[in-house]
Enquirer: 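Input: one structure, supplied below.
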Amino acid sequence: MRGTGAEPIGRLPRRVHVGYAVGSLVTGAFGTVPGLLLLPYLTDTLGVAAGVAALLVLLPKAWDVLVNPVAGRISDRTRSRWGARRPYLLGGGLALAVLFASIFAAPFGAGPAAGAYVAVAFLATATAFAFFQVPYVAMPAELTDDPAERTRLMSWRIAVLALAILVSGAVAPAVVTAGGDGVPGHRWMGLFVAALIVAGVIGVFLGTRSAPTGAVGESEPSLRAQLAVAGRNRPFRALLVCFVVQSAGVATVLAGVKYFADQVLHAPDAGPTLLFACFVAPALLVMPLWTRVGARLGKRAALVVASLLFAAGALVLVAAPVLPPAGVYAVVALIGVGYAGQQVFALAMLADCIAYDTARTGRRQAGVFTGLWTAGETFGLALGPGSYGLVLQLSGYVSSSTGVAATQPATARLGVLLGFTLLPALLAAAPLLLLHAYTLTPAHLTPATLRPADHGVVVADNSP
(Lines give C-alpha, C1' and ligand atoms only; values in the text may rest on other atoms or scores of the structure.)
Protein backbone atom coordinates (compact mmCIF):
# COMPACT_ATOMS: atom_id res chain seq x y z
CA MET A 1 0.00 0.00 0.00
CA ARG A 2 1.48 3.33 -0.98
CA GLY A 3 0.31 4.94 2.22
CA THR A 4 3.22 3.08 3.83
CA GLY A 5 5.78 4.59 1.50
CA ALA A 6 5.78 2.48 -1.68
CA GLU A 7 6.35 4.27 -4.97
CA PRO A 8 3.63 4.93 -7.58
CA ILE A 9 3.15 2.28 -10.19
CA GLY A 10 2.11 2.32 -13.83
CA ARG A 11 -0.06 -0.54 -15.07
CA LEU A 12 -2.71 -1.72 -12.61
CA PRO A 13 -4.03 -5.28 -12.29
CA ARG A 14 -7.46 -5.95 -13.73
CA ARG A 15 -8.95 -6.62 -10.29
CA VAL A 16 -8.16 -3.01 -9.32
CA HIS A 17 -9.81 -1.72 -12.50
CA VAL A 18 -12.94 -3.70 -11.70
CA GLY A 19 -12.90 -3.04 -7.97
CA TYR A 20 -12.56 0.70 -8.40
CA ALA A 21 -15.17 0.81 -11.17
CA VAL A 22 -17.80 -0.89 -9.00
CA GLY A 23 -17.98 2.31 -6.97
CA SER A 24 -19.78 3.85 -9.94
CA LEU A 25 -22.85 1.88 -8.89
CA VAL A 26 -23.04 4.41 -6.05
CA THR A 27 -22.28 7.55 -8.02
CA GLY A 28 -24.42 6.41 -10.94
CA ALA A 29 -27.47 5.64 -8.83
CA PHE A 30 -27.35 8.87 -6.83
CA GLY A 31 -26.44 10.96 -9.86
CA THR A 32 -29.30 9.51 -11.90
CA VAL A 33 -32.38 8.72 -9.86
CA PRO A 34 -32.90 12.07 -8.08
CA GLY A 35 -32.33 13.86 -11.37
CA LEU A 36 -34.79 11.54 -13.08
CA LEU A 37 -37.56 11.13 -10.52
CA LEU A 38 -37.30 13.75 -7.78
CA LEU A 39 -38.71 16.66 -9.78
CA PRO A 40 -41.71 14.68 -11.14
CA TYR A 41 -42.18 13.15 -7.66
CA LEU A 42 -42.57 16.64 -6.25
CA THR A 43 -44.79 18.00 -9.04
CA ASP A 44 -46.94 14.96 -9.87
CA THR A 45 -47.14 13.08 -6.53
CA LEU A 46 -46.69 15.64 -3.75
CA GLY A 47 -48.46 18.47 -5.60
CA VAL A 48 -45.60 20.97 -5.31
CA ALA A 49 -45.59 23.79 -7.89
CA ALA A 50 -42.90 23.36 -10.56
CA GLY A 51 -41.00 26.54 -9.61
CA VAL A 52 -40.93 25.63 -5.91
CA ALA A 53 -39.95 22.05 -6.77
CA ALA A 54 -37.05 23.38 -8.83
CA LEU A 55 -35.73 25.25 -5.78
CA LEU A 56 -36.20 22.23 -3.52
CA VAL A 57 -34.05 20.18 -5.91
CA LEU A 58 -31.44 22.86 -6.47
CA LEU A 59 -30.72 24.30 -3.02
CA PRO A 60 -29.70 21.11 -1.15
CA LYS A 61 -27.24 20.26 -3.91
CA ALA A 62 -25.88 23.80 -3.90
CA TRP A 63 -24.89 23.09 -0.28
CA ASP A 64 -22.33 20.65 -1.62
CA VAL A 65 -20.37 23.51 -3.13
CA LEU A 66 -19.33 24.19 0.47
CA VAL A 67 -19.23 20.61 1.77
CA ASN A 68 -17.23 18.89 -0.98
CA PRO A 69 -13.97 20.84 -0.57
CA VAL A 70 -14.16 20.24 3.18
CA ALA A 71 -14.65 16.52 2.60
CA GLY A 72 -11.63 16.56 0.29
CA ARG A 73 -9.40 18.25 2.86
CA ILE A 74 -10.51 15.86 5.60
CA SER A 75 -9.71 12.81 3.47
CA ASP A 76 -6.36 14.31 2.44
CA ARG A 77 -5.38 14.52 6.10
CA THR A 78 -6.70 11.12 7.14
CA ARG A 79 -4.23 8.42 8.17
CA SER A 80 -5.56 4.90 8.74
CA ARG A 81 -4.68 1.29 8.11
CA TRP A 82 -7.20 1.42 5.23
CA GLY A 83 -5.53 4.43 3.64
CA ALA A 84 -6.85 7.97 3.36
CA ARG A 85 -9.84 7.35 1.11
CA ARG A 86 -11.33 3.91 1.80
CA PRO A 87 -12.76 4.65 5.29
CA TYR A 88 -14.99 7.28 3.69
CA LEU A 89 -16.04 4.94 0.92
CA LEU A 90 -17.51 2.65 3.56
CA GLY A 91 -18.88 5.11 6.11
CA GLY A 92 -20.14 7.75 3.71
CA GLY A 93 -21.55 5.15 1.34
CA LEU A 94 -23.60 3.27 3.92
CA ALA A 95 -24.97 6.52 5.35
CA LEU A 96 -25.90 7.55 1.82
CA ALA A 97 -27.95 4.39 1.30
CA VAL A 98 -30.02 4.92 4.45
CA LEU A 99 -30.60 8.60 3.79
CA PHE A 100 -31.53 8.03 0.16
CA ALA A 101 -34.38 5.73 1.15
CA SER A 102 -35.57 8.41 3.58
CA ILE A 103 -36.05 10.96 0.78
CA PHE A 104 -39.03 9.03 -0.56
CA ALA A 105 -40.46 7.89 2.79
CA ALA A 106 -43.13 10.66 2.65
CA PRO A 107 -44.06 10.71 6.37
CA PHE A 108 -46.15 13.87 5.85
CA GLY A 109 -48.14 12.80 2.79
CA ALA A 110 -48.57 15.53 0.16
CA GLY A 111 -48.39 19.32 0.40
CA PRO A 112 -45.94 21.96 1.69
CA ALA A 113 -44.77 19.94 4.71
CA ALA A 114 -43.96 17.01 2.44
CA GLY A 115 -41.92 19.27 0.16
CA ALA A 116 -39.98 20.70 3.10
CA TYR A 117 -39.24 17.19 4.39
CA VAL A 118 -37.88 16.17 0.99
CA ALA A 119 -35.60 19.21 0.94
CA VAL A 120 -34.14 18.40 4.39
CA ALA A 121 -33.71 14.70 3.61
CA PHE A 122 -32.11 15.52 0.27
CA LEU A 123 -29.70 17.92 2.00
CA ALA A 124 -28.58 15.22 4.44
CA THR A 125 -28.22 12.70 1.62
CA ALA A 126 -26.14 15.09 -0.48
CA THR A 127 -23.80 15.62 2.48
CA ALA A 128 -23.26 11.87 2.91
CA PHE A 129 -22.66 11.56 -0.84
CA ALA A 130 -19.93 14.22 -0.65
CA PHE A 131 -17.98 12.10 1.84
CA PHE A 132 -18.19 9.11 -0.50
CA GLN A 133 -17.71 10.79 -3.85
CA VAL A 134 -14.80 13.13 -3.10
CA PRO A 135 -12.42 10.41 -1.83
CA TYR A 136 -13.62 8.10 -4.60
CA VAL A 137 -12.82 10.56 -7.37
CA ALA A 138 -9.47 11.41 -5.75
CA MET A 139 -8.22 7.83 -5.92
CA PRO A 140 -7.18 7.50 -9.62
CA ALA A 141 -4.47 10.15 -9.36
CA GLU A 142 -2.98 8.11 -6.50
CA LEU A 143 -3.46 4.65 -7.96
CA THR A 144 -1.07 5.17 -10.88
CA ASP A 145 1.39 7.73 -12.24
CA ASP A 146 0.76 6.71 -15.88
CA PRO A 147 -1.64 9.09 -17.77
CA ALA A 148 -2.61 6.36 -20.25
CA GLU A 149 -3.40 4.00 -17.37
CA ARG A 150 -5.64 6.63 -15.83
CA THR A 151 -7.57 6.78 -19.10
CA ARG A 152 -7.98 2.99 -19.01
CA LEU A 153 -9.10 3.19 -15.39
CA MET A 154 -11.65 5.86 -16.33
CA SER A 155 -12.88 3.72 -19.20
CA TRP A 156 -13.68 0.91 -16.78
CA ARG A 157 -15.30 3.33 -14.39
CA ILE A 158 -17.46 4.98 -17.06
CA ALA A 159 -18.51 1.57 -18.43
CA VAL A 160 -19.77 0.57 -14.97
CA LEU A 161 -21.24 4.04 -14.53
CA ALA A 162 -23.18 3.56 -17.75
CA LEU A 163 -24.43 0.20 -16.46
CA ALA A 164 -25.40 1.78 -13.12
CA ILE A 165 -27.28 4.56 -14.86
CA LEU A 166 -28.99 2.03 -17.10
CA VAL A 167 -30.06 -0.19 -14.23
CA SER A 168 -31.05 2.57 -11.81
CA GLY A 169 -32.58 4.85 -14.42
CA ALA A 170 -34.48 2.19 -16.31
CA VAL A 171 -35.54 0.02 -13.38
CA ALA A 172 -36.39 2.73 -10.84
CA PRO A 173 -39.45 3.99 -12.78
CA ALA A 174 -40.55 0.39 -13.25
CA VAL A 175 -40.29 -0.19 -9.50
CA VAL A 176 -42.47 2.87 -8.90
CA THR A 177 -45.09 1.44 -11.27
CA ALA A 178 -44.88 -2.07 -9.82
CA GLY A 179 -45.22 -0.62 -6.32
CA GLY A 180 -48.51 1.04 -7.17
CA ASP A 181 -47.28 4.49 -8.29
CA GLY A 182 -47.71 7.51 -6.03
CA VAL A 183 -46.18 7.47 -2.55
CA PRO A 184 -46.12 3.66 -2.10
CA GLY A 185 -44.33 3.11 -5.41
CA HIS A 186 -41.72 5.73 -4.61
CA ARG A 187 -41.06 4.17 -1.19
CA TRP A 188 -40.27 0.83 -2.84
CA MET A 189 -38.08 2.60 -5.37
CA GLY A 190 -36.12 4.29 -2.57
CA LEU A 191 -35.40 0.91 -0.99
CA PHE A 192 -34.35 -0.57 -4.34
CA VAL A 193 -31.84 2.22 -5.02
CA ALA A 194 -30.55 2.04 -1.43
CA ALA A 195 -29.79 -1.67 -1.95
CA LEU A 196 -27.96 -0.85 -5.21
CA ILE A 197 -25.88 1.74 -3.36
CA VAL A 198 -24.96 -0.75 -0.62
CA ALA A 199 -23.80 -3.24 -3.28
CA GLY A 200 -21.55 -0.61 -4.83
CA VAL A 201 -20.14 0.49 -1.47
CA ILE A 202 -19.21 -3.03 -0.39
CA GLY A 203 -17.84 -3.82 -3.84
CA VAL A 204 -15.50 -0.84 -4.10
CA PHE A 205 -14.37 -1.10 -0.48
CA LEU A 206 -13.38 -4.76 -0.85
CA GLY A 207 -12.24 -4.45 -4.47
CA THR A 208 -9.63 -1.78 -3.66
CA ARG A 209 -8.33 -3.35 -0.44
CA SER A 210 -5.06 -4.43 -2.09
CA ALA A 211 -4.73 -1.38 -4.36
CA PRO A 212 -2.01 1.24 -3.92
CA THR A 213 -3.42 4.30 -2.18
CA GLY A 214 -0.87 7.03 -2.79
CA ALA A 215 2.17 8.15 -0.86
CA VAL A 216 1.41 10.36 2.11
CA GLY A 217 2.77 13.76 1.15
CA GLU A 218 2.85 17.26 2.55
CA SER A 219 -0.27 19.37 2.03
CA GLU A 220 -0.94 23.08 2.34
CA PRO A 221 -1.49 24.17 5.96
CA SER A 222 -5.02 25.49 5.46
CA LEU A 223 -8.08 24.88 3.32
CA ARG A 224 -7.88 28.45 2.05
CA ALA A 225 -4.32 27.90 0.85
CA GLN A 226 -5.29 24.66 -0.88
CA LEU A 227 -8.24 26.30 -2.61
CA ALA A 228 -5.92 29.07 -3.77
CA VAL A 229 -3.64 26.51 -5.42
CA ALA A 230 -6.55 24.88 -7.24
CA GLY A 231 -8.07 28.19 -8.22
CA ARG A 232 -4.83 29.41 -9.79
CA ASN A 233 -4.37 26.25 -11.84
CA ARG A 234 -5.52 27.52 -15.24
CA PRO A 235 -6.09 24.16 -16.98
CA PHE A 236 -8.02 22.80 -13.98
CA ARG A 237 -10.14 25.93 -13.73
CA ALA A 238 -11.10 25.82 -17.41
CA LEU A 239 -11.88 22.11 -17.29
CA LEU A 240 -13.95 22.49 -14.12
CA VAL A 241 -16.19 25.24 -15.48
CA CYS A 242 -16.70 23.35 -18.73
CA PHE A 243 -17.62 20.16 -16.87
CA VAL A 244 -20.03 21.91 -14.51
CA VAL A 245 -21.98 23.48 -17.35
CA GLN A 246 -22.02 20.24 -19.32
CA SER A 247 -23.18 18.33 -16.23
CA ALA A 248 -26.12 20.72 -16.06
CA GLY A 249 -26.91 19.81 -19.67
CA VAL A 250 -26.83 16.09 -18.93
CA ALA A 251 -28.96 16.61 -15.82
CA THR A 252 -31.49 18.58 -17.84
CA VAL A 253 -31.91 15.58 -20.13
CA LEU A 254 -32.34 13.28 -17.14
CA ALA A 255 -34.86 15.60 -15.50
CA GLY A 256 -36.90 15.78 -18.67
CA VAL A 257 -37.10 12.06 -19.50
CA LYS A 258 -40.38 11.36 -17.75
CA TYR A 259 -41.99 14.60 -18.89
CA PHE A 260 -40.78 14.03 -22.47
CA ALA A 261 -42.10 10.48 -22.49
CA ASP A 262 -45.47 11.62 -21.11
CA GLN A 263 -46.11 14.80 -23.08
CA VAL A 264 -44.19 14.35 -26.37
CA LEU A 265 -44.00 10.60 -26.98
CA HIS A 266 -47.31 9.88 -25.19
CA ALA A 267 -45.69 6.77 -23.70
CA PRO A 268 -45.83 7.28 -19.91
CA ASP A 269 -45.28 3.62 -19.03
CA ALA A 270 -42.59 2.23 -21.36
CA GLY A 271 -41.22 5.54 -22.62
CA PRO A 272 -38.90 6.44 -19.72
CA THR A 273 -37.32 2.98 -19.68
CA LEU A 274 -36.76 2.95 -23.44
CA LEU A 275 -35.31 6.45 -23.43
CA PHE A 276 -32.89 5.49 -20.69
CA ALA A 277 -31.85 2.30 -22.41
CA CYS A 278 -31.15 4.22 -25.62
CA PHE A 279 -29.25 6.95 -23.78
CA VAL A 280 -27.01 4.72 -21.68
CA ALA A 281 -26.65 1.36 -23.44
CA PRO A 282 -24.49 2.71 -26.30
CA ALA A 283 -21.86 3.77 -23.76
CA LEU A 284 -21.26 0.12 -22.93
CA LEU A 285 -20.41 -0.53 -26.57
CA VAL A 286 -18.50 2.58 -27.64
CA MET A 287 -16.13 3.00 -24.70
CA PRO A 288 -13.26 1.12 -26.41
CA LEU A 289 -13.84 3.29 -29.48
CA TRP A 290 -13.62 6.49 -27.43
CA THR A 291 -10.37 5.24 -25.88
CA ARG A 292 -8.89 4.86 -29.38
CA VAL A 293 -10.21 8.28 -30.41
CA GLY A 294 -8.55 9.82 -27.36
CA ALA A 295 -5.24 8.14 -28.17
CA ARG A 296 -5.41 9.45 -31.74
CA LEU A 297 -6.71 12.98 -31.22
CA GLY A 298 -5.73 13.73 -27.64
CA LYS A 299 -8.07 14.02 -24.69
CA ARG A 300 -9.08 17.65 -25.20
CA ALA A 301 -9.93 17.24 -28.89
CA ALA A 302 -11.81 14.02 -28.15
CA LEU A 303 -13.85 15.81 -25.46
CA VAL A 304 -14.80 18.48 -27.99
CA VAL A 305 -15.91 15.85 -30.51
CA ALA A 306 -18.01 14.05 -27.92
CA SER A 307 -19.63 17.28 -26.74
CA LEU A 308 -20.54 18.39 -30.25
CA LEU A 309 -22.05 14.97 -30.92
CA PHE A 310 -24.20 15.33 -27.79
CA ALA A 311 -25.30 18.85 -28.78
CA ALA A 312 -26.10 17.91 -32.38
CA GLY A 313 -28.29 15.01 -31.28
CA ALA A 314 -30.15 17.19 -28.80
CA LEU A 315 -30.86 19.78 -31.50
CA VAL A 316 -32.23 17.13 -33.85
CA LEU A 317 -34.69 16.10 -31.13
CA VAL A 318 -36.46 19.45 -31.46
CA ALA A 319 -38.24 17.71 -34.36
CA ALA A 320 -39.37 14.83 -32.09
CA PRO A 321 -43.14 15.63 -32.43
CA VAL A 322 -42.96 14.83 -36.17
CA LEU A 323 -40.40 12.02 -36.00
CA PRO A 324 -41.39 8.36 -35.74
CA PRO A 325 -40.72 6.87 -32.28
CA ALA A 326 -37.93 4.69 -33.66
CA GLY A 327 -36.20 7.80 -35.01
CA VAL A 328 -36.48 9.55 -31.65
CA TYR A 329 -34.92 6.62 -29.81
CA ALA A 330 -32.11 6.41 -32.39
CA VAL A 331 -31.25 10.09 -31.87
CA VAL A 332 -31.27 9.60 -28.10
CA ALA A 333 -28.75 6.78 -28.61
CA LEU A 334 -26.53 9.19 -30.55
CA ILE A 335 -26.71 11.62 -27.64
CA GLY A 336 -25.71 8.75 -25.35
CA VAL A 337 -22.59 8.09 -27.42
CA GLY A 338 -21.56 11.72 -26.97
CA TYR A 339 -22.33 11.58 -23.26
CA ALA A 340 -20.04 8.58 -22.79
CA GLY A 341 -17.13 10.43 -24.40
CA GLN A 342 -17.76 13.56 -22.33
CA GLN A 343 -17.53 11.61 -19.11
CA VAL A 344 -14.45 9.53 -19.82
CA PHE A 345 -12.28 12.36 -21.17
CA ALA A 346 -13.27 14.96 -18.57
CA LEU A 347 -12.42 12.57 -15.74
CA ALA A 348 -9.17 11.46 -17.37
CA MET A 349 -8.17 15.12 -17.83
CA LEU A 350 -9.00 15.80 -14.17
CA ALA A 351 -6.67 13.02 -13.05
CA ASP A 352 -3.91 14.52 -15.19
CA CYS A 353 -4.46 17.93 -13.59
CA ILE A 354 -4.15 16.39 -10.13
CA ALA A 355 -1.03 14.39 -10.99
CA TYR A 356 0.60 17.43 -12.55
CA ASP A 357 -0.07 19.57 -9.48
CA THR A 358 1.23 16.86 -7.14
CA ALA A 359 4.42 16.38 -9.13
CA ARG A 360 5.04 20.11 -9.42
CA THR A 361 4.41 21.02 -5.79
CA GLY A 362 5.24 17.81 -3.93
CA ARG A 363 2.04 18.24 -1.91
CA ARG A 364 -0.83 15.80 -1.55
CA GLN A 365 -3.92 17.76 -2.57
CA ALA A 366 -5.96 15.35 -4.67
CA GLY A 367 -8.84 15.62 -2.23
CA VAL A 368 -9.06 19.39 -2.61
CA PHE A 369 -9.08 19.24 -6.41
CA THR A 370 -11.67 16.50 -6.44
CA GLY A 371 -13.63 18.24 -3.70
CA LEU A 372 -13.97 21.28 -5.94
CA TRP A 373 -14.68 19.03 -8.92
CA THR A 374 -17.42 17.03 -7.25
CA ALA A 375 -18.89 20.19 -5.71
CA GLY A 376 -19.14 21.64 -9.20
CA GLU A 377 -20.50 18.42 -10.66
CA THR A 378 -23.10 18.13 -7.91
CA PHE A 379 -24.12 21.74 -8.46
CA GLY A 380 -24.38 21.12 -12.20
CA LEU A 381 -26.49 18.00 -11.65
CA ALA A 382 -28.79 20.06 -9.44
CA LEU A 383 -28.82 23.05 -11.78
CA GLY A 384 -30.15 20.85 -14.60
CA PRO A 385 -33.41 19.81 -12.84
CA GLY A 386 -33.68 23.29 -11.37
CA SER A 387 -33.45 24.86 -14.82
CA TYR A 388 -35.89 22.34 -16.25
CA GLY A 389 -38.35 23.02 -13.42
CA LEU A 390 -38.08 26.75 -14.11
CA VAL A 391 -38.86 26.13 -17.79
CA LEU A 392 -41.92 24.12 -16.75
CA GLN A 393 -43.05 26.88 -14.41
CA LEU A 394 -42.67 29.59 -17.05
CA SER A 395 -44.48 27.49 -19.64
CA GLY A 396 -47.48 26.89 -17.35
CA TYR A 397 -47.00 23.28 -16.24
CA VAL A 398 -49.87 22.06 -14.03
CA SER A 399 -48.85 20.06 -10.92
CA SER A 400 -50.79 17.12 -9.44
CA SER A 401 -50.99 15.24 -6.13
CA THR A 402 -52.50 12.07 -7.61
CA GLY A 403 -49.34 10.35 -8.81
CA VAL A 404 -50.44 10.88 -12.44
CA ALA A 405 -49.51 13.92 -14.54
CA ALA A 406 -52.33 16.39 -15.13
CA THR A 407 -53.50 17.37 -18.62
CA GLN A 408 -51.15 20.10 -19.83
CA PRO A 409 -51.70 23.18 -22.02
CA ALA A 410 -49.87 23.51 -25.33
CA THR A 411 -47.37 25.98 -23.84
CA ALA A 412 -46.38 23.47 -21.17
CA ARG A 413 -45.87 20.74 -23.77
CA LEU A 414 -43.62 23.12 -25.73
CA GLY A 415 -41.66 23.82 -22.53
CA VAL A 416 -41.22 20.09 -21.96
CA LEU A 417 -39.83 19.72 -25.49
CA LEU A 418 -37.45 22.69 -25.53
CA GLY A 419 -36.17 21.96 -22.02
CA PHE A 420 -35.26 18.45 -23.16
CA THR A 421 -33.60 19.46 -26.45
CA LEU A 422 -32.52 23.05 -27.02
CA LEU A 423 -31.41 23.78 -23.46
CA PRO A 424 -29.04 20.77 -23.06
CA ALA A 425 -27.63 21.38 -26.54
CA LEU A 426 -26.59 24.89 -25.53
CA LEU A 427 -25.18 23.70 -22.22
CA ALA A 428 -23.08 21.03 -23.96
CA ALA A 429 -21.61 23.22 -26.71
CA ALA A 430 -21.16 26.70 -25.20
CA PRO A 431 -18.49 25.89 -22.56
CA LEU A 432 -16.19 24.30 -25.14
CA LEU A 433 -14.84 27.79 -25.79
CA LEU A 434 -13.17 27.62 -22.38
CA LEU A 435 -11.03 24.61 -23.27
CA HIS A 436 -8.46 26.68 -25.13
CA ALA A 437 -7.03 27.31 -21.65
CA TYR A 438 -6.53 23.57 -21.06
CA THR A 439 -3.11 22.86 -22.58
CA LEU A 440 -1.83 19.88 -20.59
CA THR A 441 -0.31 17.16 -22.76
CA PRO A 442 1.53 13.95 -21.88
CA ALA A 443 4.77 15.91 -22.26
CA HIS A 444 3.72 18.21 -19.41
CA LEU A 445 3.33 15.19 -17.14
CA THR A 446 6.87 13.83 -17.50
CA PRO A 447 9.41 14.56 -14.76
CA ALA A 448 11.72 16.34 -17.20
CA THR A 449 9.20 19.11 -17.80
CA LEU A 450 8.41 19.76 -14.13
CA ARG A 451 10.07 22.70 -12.45
CA PRO A 452 10.96 22.45 -8.75
CA ALA A 453 8.48 24.17 -6.48
CA ASP A 454 9.19 26.13 -3.36
CA HIS A 455 7.28 24.08 -0.80
CA GLY A 456 7.42 26.88 1.71
CA VAL A 457 4.83 28.96 -0.14
CA VAL A 458 1.51 28.39 -1.85
CA VAL A 459 2.36 27.41 -5.41
CA ALA A 460 0.32 29.07 -8.14
CA ASP A 461 0.39 27.03 -11.35
CA ASN A 462 -0.40 29.49 -14.12
CA SER A 463 1.58 27.76 -16.83
CA PRO A 464 0.21 25.19 -19.24
Side-chain angles (χ1 to χ4, degrees), residues 32-33 35-37 39-40 43-44 50 162-163 165-174 176-177 246-286 289 305-343 384-385 387-389 391-392 395 397 404-429:
T32 301
V33 177
L36 172 68
L37 294 180
L39 187 64
T43 59
D44 296 342
L163 180 62
I165 293 174
L166 179 62
V167 171
S168 61
V171 177
V176 172
T177 301
Q246 291 190 336
S247 294
V250 172
T252 303
V253 173
L254 297 179
V257 162
K258 189 176 186 302
Y259 297 101
F260 185 80
D262 285 353
Q263 305 299 327
V264 178
L265 298 183
H266 305 292
D269 295 328
T273 297
L274 289 175
L275 286 171
F276 248 95
C278 291
F279 181 66
V280 178
L284 301 174
L285 303 176
V286 303
L289 176 62
V305 171
S307 301
L308 293 178
L309 189 63
F310 182 102
L315 286 176
V316 171
L317 275 187
V318 173
V322 298
L323 292 176
V328 171
Y329 293 126
V331 174
V332 172
L334 180 68
I335 297 173
V337 172
Y339 163 73
Q342 283 179 311
Q343 295 295 304
S387 300
Y388 196 88
V391 170
L392 294 183
S395 62
Y397 188 85
V404 179
T407 301
Q408 302 298 328
T411 56
R413 292 196 298 273
L414 178 62
V416 167
L417 174 65
L418 296 181
F420 189 75
T421 58
L422 181 60
L423 181 57
L426 292 174
L427 293 173

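Quick caveat, the model's predicted, so the values are computed rather than measured. For this chain, numbers begin at 1 and follow the sequence in order.
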Enquirer: Report yes if the side chains of Leu422 and Leu315 come closer than 4.5 Å at any heavy-atom pair, otherwise no.
Expert: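 Leu422 vs Leu315: side chains touch.
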
Enquirer: If you compare all heavy atoms of Val332 against all heavy atoms of Leu317, which two are closest, and at what distance to 0.1 Å?
Expert: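 Heavy-atom minimum between the residues: CG2-CD1, 3.8 Å.
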
Enquirer: Kindly give the heavy-atom pair with the smallest separation between Ser168 and Pro173, and that separation in Å.
Expert: O-CD, 4.2 Å

Enquirer: Compare every heavy atom of Ala314 with every heavy atom of Ile335, then report the nearest pair and how far apart it is.
Expert: CD1-N, 3.5 Å

Enquirer: Measure from the side-chain N and O atoms of Tyr339 to the backbone N and O of Ala333, and report whether any donor-acceptor pair falls under 3.5 Å.
Expert: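 No, Tyr339 side chain to Ala333 backbone: no donor-acceptor pair under 3.5 Å.
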
Enquirer: Work out which heavy atom in Leu334 is nearest to a heavy atom in Gly313; give both atom names and the distance.
Expert: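 For Leu334 and Gly313, the tightest heavy-atom pair comes out as CD2-CA, 4.3 Å.
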
Enquirer: Hey, can you tell me if Phe420 and Phe260 have their rings parallel, tilted or perpendicular (30° and 60° cut-offs)?
Expert: parallel

Enquirer: Between atom OH of Tyr329 and atom CG of Leu323, what is the distance when rounded to the nearest 0.5 Å?
Expert: 12.5 Å

Enquirer: Consider side chain to side chain contact (heavy atoms under 4.5 Å, CB included). Of Val253, Val250, Thr252, which one does Leu427 pass it with?
Expert: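 It is Thr252; the other options fail the test.
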
Enquirer: What pair of heavy atoms forms the shortest contact from Ser307 to Ala428, and how long is it?
Expert: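 So the minimum-distance heavy-atom pair works out to CB-O, 3.9 Å.
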
Enquirer: Taking it one step at a time, do Leu418 and Val391 satisfy side-chain contact (heavy atoms from CB on, under 4.5 Å)?
Expert: CA-CA 9 Å; Leu418 296 181; Val391 170; 5.7 Å; no

Enquirer: With side chains defined as the heavy atoms from C-beta onward, is the minimum distance between Leu275 and Leu265 less than 4.5 Å?
Expert: yes

Enquirer: When you look at Phe276 and Thr32, which way does the side-chain contact (heavy atoms from CB on, under 4.5 Å) test go after all the steps?
Expert: CA-CA 10 Å; Phe276 248 95; Thr32 301; 3.5 Å; yes

Enquirer: Any side-chain hydrogen bond (donor to acceptor under 3.5 Å, both in side chains) pairs touching residues 256-268, not counting sequence neighbours?
Expert: Thr43-Tyr259, Lys258-Asp262

Enquirer: Would you call Leu423 and Tyr388 a side-chain contact if the rule is heavy atoms closer than 4.5 Å?
Expert: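 Not in contact.
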
Enquirer: What is the minimum heavy-atom distance between Ala50 and Leu392, and which atoms define it?
Expert: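 For Ala50 and Leu392, the tightest heavy-atom pair comes out as CB-CB, 4.0 Å.
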
